[in-house]
Amino acid sequence: MQERLRPLVRLEAPVRPPKTAAGLDVAYVGDDGTLVAAVTVLDVATLAVLDSVVVRATTSFPYVPGLFAFREAPALLRALEQVKVLPDVLVCDGQGLAHPRRFGLACHLGVLTDLPSIGVGKNSLGPYDPPGSARGEWTPLLLDGEVVGRTLRTRPNVKPVFVSVGHRSDIEAACALVLRLTPCHRLPETTRTADRLGRIS
DNA sequence: GCGACAG
DNA sequence: ATCTTGTCGC
């Protein structure tokens with residue numbers, strides 16, 4: 001399925017800088033397959049939360065690196081259907097093109113909704129060269145000798161995040177957005193608000 | 001054959 | 001992802 005959908009990914013410079021950005025995250029509750037998908041839509045300029053949705057669901061698909069979307073995407077898509085403020089871009093908690101078949105969660109969600117999307121992972125699937133210690137510094141993220149994204153330092157002397165394009169975006173705009181959503185923490189304010197929302201629900 | 005491996 | 005106290009660094 002990933003190989004079939006991969007050609008649908010569109011790499012392009014966004015027409016306008018996004019005014020709103022959605023944060024998507026999934027929390028797991030209990031030992032069964034119960035999970036909570038949370039989506040928050042923020043105003044990029046003020047970081048104010050404009051909308052938020054929580055959906056409880058269940059999964060039978062195990063966590064398998066490379067097949068992550070089949071575990072979390074279904075619930076996240078259901079949550080996105082309930083969102084009233086359509087976001088200009090989806091900021092996903094995971095990889096986009098930085099994936100073994102170049103179709104991580106961010107690409108999956110972007111293609112299925114046809115909304116611009118980017119992936120911001122807390123960990124890399126492969127080894128990487130650390131960027132300089134100053135905020136804003138980055139290094140190309142390579143996979144099989146191919147540039148699939150960037151490591152990006154969002155906080156001085158703190159582990160970088162792993163940014164890659166999901167759909168209808170380009171890596172330059174993706175990193176610029178991540179930096180704007182990261183005034184004082186390592187992770188984007190979008191994923192932080194979604195994470196907290198899903199954690200208490 | 002064994003360990004690694006987004007969340 | 002999740003279970004958890006103190007602790008090192010800015």
Side-chain angles (χ1 to χ4, degrees), chain A residues 1-2 5-6 9 22-40 54-79 90-112 117-128 130 132-137 141-144 146-167 171 174 178 182-188 190-201:
Chain A
M1 181 181 282
Q2 296 177 324
L5 297 176
R6 168 66 185 86
V9 168
L24 330 197
D25 190 50
V26 171
Y28 295 82
V29 301
D31 54 292
D32 53 350
T34 310
L35 51 78
V36 176
V39 176
T40 53
V54 169
V55 166
R56 288 198 66 151
T58 177
T59 317
S60 56
F61 206 97
Y63 165 64
V64 180
L67 299 180
F68 187 48
F70 296 102
R71 182 172 168 74
E72 297 198 343
L76 288 172
L77 288 170
R78 282 183 49 195
L90 304 179
V91 179
C92 308
D93 191 17
Q95 316 299 325
L97 294 176
H99 175 277
R101 285 171 293 287
R102 308 297 181 270
F103 199 76
L105 177 67
C107 297
H108 204 115
L109 293 173
V111 167
L112 295 192
S117 71
I118 67 173
V120 182
K122 293 183 284 295
N123 291 291
S124 173
L125 275 168
Y128 63 93
S133 60
R135 168 178 157 80
E137 297 214 68
L141 227 191
L142 306 175
L143 215 51
D144 306 314
E146 178 185 342
V147 179
V148 295
R150 291 180 183 178
T151 70
L152 178 65
R153 189 82 68 180
T154 54
R155 279 201 69 175
N157 292 356
V158 170
K159 180 177 180 175
V161 292
F162 305 86
V163 184
S164 57
V165 169
H167 184 53
I171 193 63
V178 171
T182 318
C184 49
H185 292 287
R186 175 166 92 111
L187 300 179
T190 39
T191 76
R192 284 170 52 78
T193 55
D195 179 80
R196 288 182 312 175
L197 177 61
R199 180 132 47 188
I200 61 178
S201 298

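Chain letters run A, B, ... following the sequence lines, proteins first and then strands; every chain starts at 1.
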| query | So, A/Y28 versus A/E72: side-chain donor-acceptor pair below 3.5 Å or not? | reply | yes
| Rounded distance (Å) that lies between atom C1' of B/dG7 and atom CG of A/D25 | 9 Å
| message | As an exercise, state the distance from CG of A/L105 to CZ of A/R71, rounded to the nearest 0.5 Å. | response | 12.5 Å
| query | Under 4.0 Å between a side-chain N/O of A/N123 and OP1 or OP2 of B/dG7, yes or no? | reply | yes
| task | Name the nucleic acid region contacted by A/L24, choosing base, sugar-phosphate or nothing; use a 4.0 angstrom heavy-atom cut-off, strictly under. | result | nothing
| Short N-O contact, A/R196 and A/D25, less than 4.0 angstrom | no
| query | What integer distance in Å separates A/R101:CZ from B/dA6:P? | reply | 14 Å
| note | DNA chain C: first to last nucleotide in contact with chain A (atom under 4.0 angstrom from a heavy atom), 5' to 3', is C/dA1 to C/dT2
| remark: d(A/L152 CG, A/I171 CD1) to nearest 0.5 Å is 8.5 Å
| What residue among A/I200, A/V39, A/L197 forms side-chain contact (heavy atoms from CB on, under 4.5 Å) with A/V54? | A/L197
| task | Round to the nearest Å and state the distance from A/F162 atom CZ to B/dA6 atom C1'. | result | 10 Å
| Rounded distance (Å) that lies between atom P of B/dC5 and atom NZ of A/K122 | 16 Å
| request: Rounded to the nearest angstrom, tell me the gap between atom CZ in A/R71 and atom C1' in B/dC5. | output: 15 Å
| query | Any side-chain donor-acceptor pair under 3.5 Å between A/T193 and A/T40? | reply | yes
| request: Assign A/L105 to base, sugar-phosphate, or nothing according to its heavy-atom contacts below 4.0 angstrom with the strands shown. | output: base
| said: Classify A/G119 by what it touches in the nucleic acid, base, sugar-phosphate, or nothing, heavy-atom distance under 4.0 Å. | reply: nothing
| request: Measure the distance from CG on A/L35 to C1' on B/dG7 and round it to the nearest whole Å. | output: 11 Å
| query | Taking only side-chain nitrogens and oxygens of A/Y28, does any of them come within less than 4.0 Å of OP1 or OP2 of B/dG7? | reply | no
| message | Using whole Å, what does the distance between atom P of nucleotide B/dA6 and atom CZ of A/F70 come to? | response | 17 Å
| query | A/R6: what forms a side chain to side chain contact (heavy atoms under 4.5 Å, CB included) with it, not counting sequence neighbours? | reply | A/V9, A/L97, A/R102, A/F103
| query | Heavy atoms under 4.0 Å, any strand shown: does A/G104 hit a base, just sugar-phosphate, or nothing? | reply | base
| message | From CZ of A/F68 over to P of B/dG7, roughly how many Å is that when rounded to an integer? | response | 7 Å
| remark: Heavy-atom nearest nucleotide on DNA chain C taken for A/N157 and for A/D195; more 5' hit belongs to A/D195
